[in-house]
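The structure under discussion appears below in the form of structure tokens.
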Amino acid sequence: MRYRNTLIPTSKEAPSDATSVSHILLMRAGCVRRVGTGIYEFLPLGVRVLRKIEAIIRQEMDRAGALEVLLPALLPSEYFKETGRWDLFGDTLMRLKDRKGTEYNLGPTHEEIITDLARREIKSYRDLPKNLYQIQTKFRDEPRPRGGLLRCREFSMKDAYSFDVDESRALDSYEKMRGAYTNIFDRMGFRYRMVQADSGAMGGSKSAEFQVLVQSGEDMVAACMQCDYAANLEVATSPPFPPQGPDPKSVPAPEKVHTPKAKTIEQVSKFLGAEPKQFLKSLVYVAGEGLVLVVVRGDHEVNDIKLARALGVDEVFLAAEEDVKKATAAPVGFAGPVGFRGRIVVDQDAASISDGITGANERDHHLKHVQHGRDFEGEVETIRNIIDGDLCPSCGASLGVYRGIEAGHIFVLGTHYSSKMNATYLDEKGESNALVMGCYGIGVSRLVAAIVEQHNDDNGIVWPMSVAPYQVLITQLGQEVEVVAAVAQLEKELEAAGIELLVDDREGRPGGKFKDADLIGIPLRLTVGKRSLDNGGVELKPRTEKNPKNAELVPLADAAKRAIDYVQKALEP
RNA sequence: CGGGGUGUACCUCAAUCUGGUAGAGGGCCGGCUUUGGGUGCCGGACGUUGCAGGUUCAAAUCCUGCCACCCCGACCA
């Protein structure tokens, strides 16, 4: 492809509404443009990346035995009404009516539609197992789209659904998908972890997320530095700390101390000369109807989702200042479990402190020598966030906490949808059973952004070869006859070898062309100019090589072969 | 939905506080110059200042209402 014949509108300046690296670079490199909040158009360069990603996904899905289908995006409301998700999805569902007033929604995901297909077309155990997938546009009225392609209202997703005779076969299907996903993310050059996730919402029995590790990620993941253990922060665990402090029997009775104006853990610990981990941090939460006093170690933080799960409620949030005053009879900052009338929940690592410091429920006062089980009662749960340095529950090594982008999610669904929609098959005995399902998603357009988040430098994008919009870029400097001829010769040889080639044949100064080359991030650059030819050939420089002086000068006759070798080597597994 | 911020040329932004002919840089078109990391100069096109009201001799600027977008929190590929 000749640059003059394509449309790659690059820009020196970052758009004002972009904050994430991927958003800025995809815009600057002319890959995408914003049309509305959470709605993007793909320009030629961006589409090529998208198609590369899709091709890898298709290959691996097909190889795992999945069958590609294409379901509609425009869905009559009856399907979502049948499972109750017409109401459950709430505002997130994009709804519309036709001229007759019939209700529709745009598909946010396709469990209902695929289950409908299955109940019509899959009748016998002989038809099983089946795994059907599609790559298709999804619509969700997100409360807050953000980060460019990272979180959109219209986005491309690969979704697959497996159907099996029973739970154990469903697990086989799940394992196959796990393997396919691993191949997919490996081939795209990601740094990622497969993590345990909270599978509650979808009603499934087993699930894992594929988290791409980047600073700008929305999710928090605790991952072991030694073994494979990795878990979403809301499900991550760590072994209980050994009891802290002196022998419990030797601890004197609680003693009230005056701590004027010291409210935060930091202030009080400084005032009393104690460490934060000796504190019983007490927080008042609203959970369902009532208030709950939550106690964690001073250097720990409460995880709201873990807390809600422990309490058996949908959600919890910190009580307002007024409610705290009412509940503790003291200003915020002096709450404590001793004498607190109401429900108390204690984190296991706070419960094991034998000699703790905590609020006295009285202005400017704290209590020393406080001990769970002796001085106050409270249900013991694990409700704190895992932090850097906590121990791995699997192997005992150190955990690290990372930010991640959820790029894929795999679930065993069970019969959640099939039983609601009466999707059954006949087994060998002629008995009717519900199909056992699994579902498997990958955010395809999100992957474009995730790749850029992980593969960039100060000058722009650095595409991995497997997903690069073009594999090789020829930067032509000058329009002299011998330069034009050399470029044409290289172009012919490379295209004959099936290399995806972009030739920057534009007029313009070298500086600008080099800047654009780095920005759009083609993995290998061949520079052809009068100077290089006089020096003996063309310059070959991988995008990963930052120093232009390290470009390699190769004879014109060898250049094409060298480039082809480079591309092939980069594509090897 | 709560909190914070921004709307001026295709893009990035000044001018708004203190009302008085709407500007710069980049990009784009034309010319000269330059030619290995965003050359320099000259000329040119591009605007209902988000929308609707109001105040005023006069509104980008002040007032009221609305809309859009971005960021921080509760959901998700």
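Only this structure's heavy atoms are used, side chains among them; waters, hydrogens and symmetry mates stay out. Naming: A, B, ... by sequence-line order, numbering from 1 per chain.
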Mind checking if [X] touches a base, just sugar-phosphate, or nothing, with heavy atoms under 4.0 Å?
X       : answer
R506(A) : nothing
R140(A) : base
S445(A) : nothing
A14(A)  : sugar-phosphate
G443(A) : base
D219(A) : base
G408(A) : sugar-phosphate
D304(A) : nothing
D91(A)  : nothing

Give a yes/no on whether any side-chain N or O of [X] is located under 4.0 angstrom from OP1 or OP2 of [N].
X       : N      : answer
S16(A)  : U12(B) : yes
R509(A) : U35(B) : no
T37(A)  : C69(B) : yes
R144(A) : C72(B) : yes

Are R95(A) and D141(A) close enough, and set up right, to give a salt bridge (Lys or Arg N to Asp or Glu O under 4.0 Å), and what steps lead you there? CA-CA 10 Å; R95(A) 300 159 203 264; D141(A) 193 352; over 6 Å; no
Please report the distance separating the C1' of G53(B) from the corresponding atom of A14(B), rounded so that it comes out in whole Å.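 Taking atom C1' in both G53(B) and A14(B), they lie 28 Å apart.
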Is there a donor N/O on one and an acceptor N/O on the other, under 3.5 Å, for the side chain of R525(A) and the base of G37(B)?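 Flag set: donor-acceptor pair detected.
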Would you call E491(A)-R2(A) a salt bridge at under 4.0 Å N-O? yes
With nearest nucleotides of RNA chain B determined for T19(A) and P548(A) from heavy-atom distances, which residue corresponds to the more 5′ nucleotide? P548(A)
Would R48(A) count as a cation-pi partner of Y470(A), with NZ or CZ less than 6.0 Å from the six-membered ring centre and within 45° of the ring normal? yes
